[in-house]
2 protein chains.
Amino acid sequence: MMMAGLRERKKEQTRQRIAETALRLFAEHGYDAVTVNEIAEAAGVAKVTLFAYFPSKESLVLDQIKDDYAAVVRNRPEGMPPLGALREHFRGIARRGVEAPVETLLTRVQVIASSPALLSGVSQTNMSEREELAAALEAAMPDAGVVPRLMAAQITAVITTLQETFFQRLVKGESLEKAVRLLEDEVELAFDLLERGLSWQEGTDS
Amino acid sequence: MMMAGLRERKKEQTRQRIAETALRLFAEHGYDAVTVNEIAEAAGVAKVTLFAYFPSKESLVLDQIKDDYAAVVRNRPEGMPPLGALREHFRGIARRGVEAPVETLLTRVQVIASSPALLSGVSQTNMSEREELAAALEAAMPDAGVVPRLMAAQITAVITTLQETFFQRLVKGESLEKAVRLLEDEVELAFDLLERGLSWQEGTDS
DNA sequence: CGCAAAAACCGTACTGGGTATGATTTTGTA
DNA sequence: TACAAAATCATACCCAGTACGGTTTTTGCG
């Protein structure tokens with residue numbers, strides 16, 4: 001009868017417990033120094049079960065970090081250019097700061113930043129976002145050759161850089177408020193740069 | 001007495017043999033289906049020796065694919081803007097086509113394209129190129145905040161896209177000449193886009 | 001040449017991520 | 001209560017990569 005289940009809730013709970021345990025152990029001893037066996041044991045499950053919930057050790061940390069730029073482009077209001085829609089989207093994100101508890105987020109960022117394997121995983125995620133955005137842009141502007149792909153590459157790269165900068169500041173101990181304020185300005189700057197080109201606003205240097 | 005050695009030559013030879021053997025086996029049976037043990041055996045060395053020459057299975061294919069954009073920026077002639085120097089650099093690469101034997105190159109590209117692990121490795125390489133370029137740009141235009149990093153991200157992303165497009169055409173059976181001709185045009189287009197912005201030359205679509 | 005030191009090489013055994021198998025327990029429902 | 005589906009598990013396995021300790025090859029030099 002689809003009771004919308006006790007079962008489901010228990011699964012979600014177990015999943016949560018595994019992820020939390022993993023993050024805690026990683027933060028304590030470092031990503032490489034913790035084995036999945038230890039995580040499983042500490043979370044009270046078997047290794048096999050852990051891998052039934054998470055497809056890899058990386059995914060214990062990187063689960064659900066993927067944003068969906070392509071959807072932003074597809075669902076943009078009539079008459080708004082793709083780039084404008086994306087600018088609005090990130091303006092919104094920057095303005096309302098970060099919703100998740102800062103503590104956990106910060107721990108996660110620190111763990112990621114300290115492990116090459118995880119950083120690589122992040123850039124993998126970015127690459128797949130880029131491909132999806134490229135597909136959405138190609139749909140929005142057909143017969144434009146490589147242009148949509150070039151646009152997608154530039155946009156994704158810029159967004160990634162903004163995120164990196166933001167998180168670096170948090171890791172360095174900057175307050176959330178200040179980091180958010182700086183991010184707001186940089187979102188505008190970055191999209192201006194995208195729209196008007198790198199030769200705009202250089203001035204001093206040749 | 002630093003005979004500039006027999007030793008050196010033999011090492012280079014062994015290294016070459018390992019890489020060639022690996023590429024051949026990967027092309028025949030697929031990247032995942034070949035174990036490093038098999039490669040080592042086929043190349044007549046021990047697994048340990050293979051890993052003394054190559055730090056990982058991936059590197060058997062991805063060795064030396066890294067370009068050095070940062071150097072292009074650092075060594076640019078007096079008075080030339082960084083972006084102009086990079087444009088010249090890639091114009092040159094496109095014009096003189098590909099120097100390595102097309103056969104081997106094509107095999108390598110096919111193998112890479114067919115393996116997620118290798119694709120991930122490529123994007124890792126791109127990321128480190130991006131960081132180096134960012135450092136060079138920051139040196140070229142100090143006190144510009146995030147701008148150099150944003151530029152580096154955009155430039156690297158665009159170049160990566162051009163490379164991907166080029167190789168995709170080769171894999172699809174396009175002739176080298178035609179692929180090179182298209183690449184030449186796209187280099188110009190891509191750098192125009194970088195310099196003048198995405199809002200330039202859109203026209204049809206809003 | 002002969003010989004010692006360095007460097008390359010190798011066999012073996014190990015670690016750790018991830019998977020296959022097949023058995024066992026838990027849970028929703030009749 | 002009974003039963004089928006789903007979740008969990010112990011175990012054994014595969015493969016990339018490393019540690020260890022020993023053997024062979026190369027080289028510089030007397």
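Letters A, B, ... mirror the listed sequences (proteins, then strands); counts begin at 1.
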Worksheet entry | Value in whole Å for how far the P atom of D:dC15 lies from CD of B:Glu58 | 18 Å
Discussion item. Between P on C:dA7 and NZ on B:Lys10, what's the gap in Å once rounded to a whole number?
Written reply: 17 Å
Worksheet item: For A:Tyr53, which contact category applies under a 4.0 Å heavy-atom criterion: base, sugar-phosphate, or nothing?
Response: sugar-phosphate
Worksheet item: To the nearest 0.5 Å, what is the distance between CG (A:Leu193) and CG (B:Leu194)?
Response: 10.0 Å
Worksheet item: Side chain of A:Lys57: nearest nucleotide among D:dT25, C:dG17, C:dC10?
Response: C:dG17
Item to complete: Return the value, rounded to whole Å, for the distance between atom CD of B:Gln13 and atom C1' of D:dT26.
Response: 15 Å
Practice prompt. Indicate yes or no for a side-chain donor-acceptor contact from B:Glu186 to the backbone of B:Leu162 under 3.5 Å, with no hydrogens or angles considered.
Written response: no
Worksheet item: In whole Å, what is the span from the CZ atom of A:Arg9 to the P atom of C:dT27?
Response: 12 Å
Worksheet, complete the sentence: Here the distance between atom C1' of D:dA16 and atom CG of B:Leu60, to the nearest Å, is 11 Å
Worksheet item: Which residues in residues 29-37 of chain A have at least one heavy atom lying under 4.0 Å from any atom of DNA chain C?
Response: A:Val34, A:Thr35, A:Val36
Item to complete: Check every atom of C:dC9, D:dG17, D:dC9 against the side chain of A:Ala46 and return the nucleotide holding the closest atom.
Response: D:dC9
Fill in: Per-nucleotide protein contact string for nucleotides 19-25 of chain C, where B marks a base within reach and S marks sugar-phosphate only (heavy atoms under 4.0 Å, - for neither)
BB-----
Worksheet item: Could you state the CD-P distance from A:Glu41 to D:dA10, rounded to the nearest angstrom?
Response: 10 Å
Worksheet entry | Between C1' of C:dT27 and NZ of A:Lys11, the distance in whole Å | 13 Å
Response to the item:
Applying ring-ring contact (aromatic ring centres under 6.0 Å, His included) to A:Tyr31 and not counting sequence neighbours gives A:Phe26
Worksheet entry | Closest heavy-atom pair and its distance - B:Arg76, B:Ala140 | NH2-CB, 3.3 Å
Practice prompt. Specify the separation, in whole Å, of atom CZ of A:Phe54 and atom P of D:dA7.
Written response: 15 Å
